[in-house]
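We count ligands from 1, going down the list as the structure has it; atoms in each ligand are counted the same way.
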Amino acid sequence: MKPVRGLSVLTKVHAEPEQEHVEMIKRGLPQPAKKKRIIVLGAGMAGLVSASLLKEAGHSVILLEGNSRVGGRVHTLRKPFRNGDHFEGGAMRIPSHHQLTMTYVQKFHLPVIPFVNATDNDLIYMNGKLVRRFMYEDNPDLLAFPVDEKERGLTAVNLLRQAVAEFAEQYVAGTKNERGRLLARFARFTKDGFLRENPLGESLSDIATYKINTMLGIGGFHHLSFTDILLNITSTIFGDNVDFFQIKGGNDQLPKAFLPYINDHLHVNRTVMRIVQDNTGVQVTAEDERKEQHVYFGDVVVCTLPFSVLRLVDIWPHDSLSFAKQRAIRELVYVQATKVGIEFKRKFWEDDALYGGSLITDLPLQFMYYPSHNINVPGPGILKACYAWGENANLWDAMEEEERVDRALSYVAHIHGEKVKKLATGGVSVSWGSNPFSAGCFSMFKPYQHGELPSVIRQPEGRIHFAGEHTSRLHAWIEGAIESGVRVAEEVNKRII
Ligand SMILES: Cc1cc2nc3c(=O)[nH]c(=O)nc-3n(C[C@H](O)[C@H](O)[C@H](O)COP(=O)(O)OP(=O)(O)OC[C@H]3O[C@@H](n4cnc5c(N)ncnc54)[C@H](O)[C@@H]3O)c2cc1C
């Protein structure tokens, strides 16, 4: 059998940015030949990056945001909690090898602390058994998954590593073009399809595939692309030697750090309804919270709206968008996610030596994350009591807010004992599937799309340029949004109108 390299090599190679993008964040865009009037749609990370770079290069910029806040899917909640603590409703961990994100963190002098993603003491509750991670790693058969004889003695991560070893070797060794060809070649596989009918190695049994799905929390991604899930989810979150950070005091400080550069050009509570373009320019109509319409004129639009909600925007004339782009907007899938945060009077989990890290379970809550800030500080703490993904989030989305918090609390009590119920002082949930500004958590390709869709999604259409996590190589990460924001700023800066 081939030596199996860590998944972390794969994620690091995949995430390597163009060095010129790092330089642009540090030093800005080159001076343009001609200044343009640019309307940027959406003040999430992609919109903030492109708007600030373009403004700094001397263009006239208007940034329109439908919500009352900036940051989009980077969303830190401080209410209804007491004691000034916070809960990350959206992005919570920043891999240290995400260079573009770290460059902004350094540029804005934001303090970071470790995000403890996993520890040997992590809890695993599967098939009715509660164990620590180190116990399961010593004996991967402890959780009683009835896998085939040849699959015994292997953890879910090691089963996955073996199954993808040849693909990972080829990807890591490949040039940019070879990687593109590799993605196109294996784009037709769903995650389960690749594992069960492995075109590059030994196929796994049904139960081993189920073990990977449940242990790695990707069971709710059945119909989605093997390559996208491997490169953007599992290799990062379950890669050995991947360090994660969070911004001290809340990740929303990253989007907020752009405000001094862009505040005079930002219009919040402006939901974009219509874009009209012709040879002379582009006109954007947005509605405020009183449903009054505002019209903005420009030379170029940068659209960072997730395709899930761009479908609601009327783009005119109809044929100013290519057939391929219209189809991509309609067909790109957004994975759902729902989180529940519960505040407790004291950090009872620290009594069990849980300092950061997680619980992974086949219970509906899927993941629980123990806070890795304020460790060993006496007093209250907020538990990410539920983090359900993909189809697993549907169940939580079907509940009212109060029921989500109650249910999550009863599962916390199932693991940690009834006594913890008395310590709970309040909770909140964030359902990204019900969020009108993204209608989902992140984009993920279906089979075949990884080969065909990336260039279509990125391609400018007339005067409209596209950015956002969904237009990048790094679906599901802030890094992808930033990469796209820099790429589109460069594109628009160079554009001759
Ligand atoms: C639950 C969850 C967990 C995540 N975890 C992580 C993580 O741990 N680490 C990580 O790096 N990334 C994580 N991500 C992904 C990361 O948050 C996103 O990839 C990134 O923030 C997307 O930025 P964006 O600018 O592309 O899109 P968005 O942030 O969605 O920005 C789009 C903006 O457009 C606005 N908008 C939408 N419609 C309209 C309209 N019609 N008119 C005007 N404005 C509109 C929205 O309000 C929003 O501000 C997570 C995301 C979620 C949801």
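Residue Trp477 has at least one nitrogen or oxygen atom sitting less than 3.5 Å from a nitrogen or oxygen atom of ligand 1, judged on distance alone. Ligand 1 has no N or O atom lying under 3.5 Å from any N or O atom of Val313, backbone or side chain. Close N/O approach between Lys339 and ligand 1 is not found [any backbone or side-chain N/O within under 3.5 Å]. Backbone and side-chain nitrogen or oxygen atoms of Arg93 are examined, and one is located within less than 3.5 angstrom of a nitrogen or oxygen of ligand 1. In terms of polar-atom proximity, Arg73 is counted as a contact of ligand 1, with an N or O under 3.5 Å from an N or O of the ligand. Remark: ligand 1 and Gly47 share no N or O pair separated by less than 3.5 Å (distance only, no angle test). Polar contact with ligand 1: present for Met45 (N/O pair, distance under 3.5 Å). The N/O atoms of Glu469, backbone and side chain alike, include one that comes under 3.5 Å of an N/O atom in ligand 1. Ligand 1 has an N or O atom lying under 3.5 Å from an N or O atom of Val272, backbone or side chain.
Checked options His450, His475, Arg473; the residue passing with Asp228 is His475 (criterion: side chain to side chain donor-acceptor pair (under 3.5 Å)).
Within 6.0 Å of CZ in Arg78 there are more than 12 heavy atoms belonging to other residues, nucleotides or ligands.
Residue Leu305 touches ligand 1 through its side chain alone, judged by heavy-atom distances below 4.0 Å. For Tyr387, every heavy-atom contact with ligand 1 shorter than 4.0 Å involves the side chain, none the backbone. Counting heavy atoms closer than 4.0 Å to ligand 1, residue Arg270 contributes backbone atoms (N, CA, C, O) but none from C-beta onward. Neither the backbone nor the side chain of Pro95 has any atom closer than 4.0 Å to an atom of ligand 1 (non-hydrogen atoms only). When heavy-atom distances to ligand 1 are checked against a 4.0 Å cut-off, Val309 comes that close only through its side chain, counted from C-beta outward.
Tyr411 and His414 have perpendicular rings, their planes meeting at more than 60° on a 0 to 90° scale where under 30° would count as parallel. Between Trp349 and Tyr370, the ring planes are tilted. Angles from 30° to 60° get that label.
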I would like to know whether Glu16 and Lys176 meet salt bridge (Lys or Arg N to Asp or Glu O under 4.0 Å); could you show each step before the answer?
-> CA-CA 11 Å; Glu16 209 144 281; Lys176 200 172 161 189; over 6 Å; no

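From the protein, the heavy atom lying nearest to atom 43 (C) of ligand 1 is Gly66 N, 3.1 Å.
The shortest side-chain heavy-atom distance between Met45 and Val74 falls under the 4.5 Å cut-off.
Judged by distance alone, the side chains of Lys12 and Asn241 never bring a donor and an acceptor atom under 3.5 Å apart.
Checked against a 6.0 Å centroid threshold, the rings of Phe258 and Phe108 count as neighbours.
Lys339 forms a cation-pi arrangement with Tyr387, by the criterion of a distance under 6.0 Å to the ring centre and an angle within 45° of the ring axis.
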